[in-house]
Amino acid sequence: MMLILISCQKEVIKNNSNDQLISKINSWLEKQKTGLLAFKAANIDLLRENLEYSNLRVEKSTGGDQIIIIPISEKFDAQKISNKNSIPNLVLLLNSSGEIKKGNVVLFQPKTNGIYTEVPDNTFFDIFNTSKVKCDGRFQFISVAGHWDYQLDYSNGSLNSYGFIEAQQDSNGTTRS
């Protein structure tokens, strides 16, 4: 009986911890909308509505930091992602104080379609800390508002190529990416 009580107590603590983390994530997403055009803010709202918090996972990082990975539902995928073979996740970096310092939608496109249904465990730790991964494919990092930031391509577990997106000004002075 005592074992069951302890087990239930651990689950309550985990749920309370996740509830606090989810609240922190929602607040951070709301702050990201500040100063954005209406359609960019709507992208963040759509993202928030399609986060699968029940599948949230945490990977430890260096210096007490953490990497939070939250899968994004197929509904979002159908509306906003052109490559249907991608596996979308919201990836957040928390510092050792528990504050979100950065976040991106990350689209993982496995080199071999259909080989993965989710990003393998510890892949984001490996990307941010070792540059060696246990899967091959492309990782596209997109801002939560929908702007493509950069991509990393891995082959045989090693970084094969990378690219950054820079804004340019056209002849009229309009900034474009």
Side-chain angles (χ1 to χ4, degrees), residues 9-73 75-77 79-81 86-109 118-135 137-154 159 162-167 175 177:
Q9 196 172 22
K10 285 183 182 179
E11 189 64 32
V12 169
I13 291 169
K14 182 180 175 188
N15 286 340
N16 286 341
S17 178
N18 274 356
D19 288 346
Q20 291 173 346
L21 185 56
I22 290 167
S23 178
K24 185 180 290 191
I25 292 166
N26 283 326
S27 289
W28 183 82
L29 286 168
E30 191 62 32
K31 287 179 190 173
Q32 302 312 299
K33 293 174 15 180
T34 304
L36 292 180
L37 296 171
F39 78 95
K40 293 285 188 179
N43 285 345
I44 294 173
D45 289 335
L46 182 65
L47 172 64
R48 183 178 27 219
E49 292 165 10
N50 288 282
L51 292 174
E52 295 180 346
Y53 286 116
S54 61
N55 294 318
L56 174 150
R57 69 180 202 261
V58 178
E59 294 179 5
K60 301 287 184 195
S61 193
T62 57
D65 292 353
Q66 294 181 323
I67 304 165
I68 308 300
I69 301 105
I70 309 163
I72 302 171
S73 76
K75 180 180 173 191
F76 181 87
D77 197 13
Q79 291 181 8
K80 290 292 181 181
I81 300 172
S86 295
I87 300 169
N89 288 278
L90 175 62
V91 177
L92 302 162
L93 303 177
L94 272 65
N95 63 21
S96 58
S97 302
E99 299 300 317
I100 298 172
K101 60 183 182 179
K102 184 166 179 51
N104 287 93
V105 171
V106 181
L107 306 178
F108 170 49
Q109 300 164 16
E118 63 182 32
V119 177
D121 288 345
N122 296 313
T123 296
F124 292 107
F125 170 85
D126 291 339
I127 288 172
F128 297 129
N129 294 288
T130 70
S131 296
K132 298 275 188 190
V133 297
K134 296 170 191 76
C135 55
R138 173 173 290 159
F139 294 84
Q140 290 181 312
F141 289 74
I142 301 167
S143 76
V144 293
H147 172 69
W148 186 25
D149 289 337
Y150 62 98
Q151 76 180 29
L152 306 170
D153 288 298
Y154 287 87
L159 184 62
Y162 62 91
F164 292 91
I165 307 304
E166 293 183 12
T175 302
S177 339

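Only heavy atoms go into these numbers, but all of them, side chains included; no hydrogens, no water, no symmetry mates.
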Going from [atom1] on [X] to [atom2] on [Y], what distance comes out if it is rounded to the nearest 0.5 angstrom?
X: Q140; Y: S86; atom1: CD; atom2: OG; answer: 6.0 Å
X: L94; Y: L21; atom1: CG; atom2: CG; answer: 6.5 Å
X: F108; Y: L152; atom1: CZ; atom2: CG; answer: 12.0 Å
X: N18; Y: S23; atom1: CG; atom2: OG; answer: 12.0 Å
X: S61; Y: N129; atom1: OG; atom2: CG; answer: 3.5 Å
X: I70; Y: N50; atom1: CD1; atom2: CG; answer: 12.5 Å

Original post:
Which of parallel (below 30°), tilted (30 to 60°) and perpendicular (above 60°) describes F141 and Y150?
Top reply: parallel

Original post:
Could you go step by step and tell me if D126 and K132 meet the salt bridge (charged side-chain N to carboxylate O under 4.0 Å, His left out) rule?
Top reply: CA-CA 6 Å; D126 291 339; K132 298 275 188 190; over 6 Å; no

**OP:** Would you sort out whether L56 and L51 count as a side chain to side chain contact (heavy atoms under 4.5 Å, CB included), showing the intermediate values?
**Re:** CA-CA 9 Å; L56 174 150; L51 292 174; over 6 Å; no

Does the side chain of [Y] come within less than 4.5 Å of [X]'s, by heavy atoms?
X: L36; Y: I44; value: yes
X: V105; Y: L47; value: yes
X: N104; Y: I142; value: no
X: W148; Y: S143; value: no
X: I127; Y: F139; value: yes

Subject >> Residues in side-chain contact (heavy atoms from CB on, under 4.5 Å) contact with E59, at least two apart in sequence or another chain >> reply: R57, I67, I69, N122, F124, F125

Subject >> salt bridge (charged side-chain N to carboxylate O under 4.0 Å, His left out) evaluation trace for K101 with D65 >> reply: CA-CA 10 Å; K101 60 183 182 179; D65 292 353; 3.0 Å; yes

Subject >> Residues forming a salt bridge (charged side-chain N to carboxylate O under 4.0 Å, His left out) with E30, sequence neighbours excluded >> reply: K33, R48

**OP:** Give the minimum heavy-atom separation between L107 and P88, together with the two atoms involved.
**Re:** CD2-CB, 3.6 Å

Original post:
Can you tell me if N89 uses its side chain to pair, donor with acceptor, with the backbone of V91 under 3.5 Å?
Top reply: no

Subject >> Polar side-chain atom of T123 near backbone of P120 as donor-acceptor pair, under 3.5 Å >> reply: yes

**OP:** Tell me, yes or no, whether the heavy-atom count around Y53 atom OH, taken from other residues, nucleotides or ligands under 6.0 Å, exceeds 12.
**Re:** yes

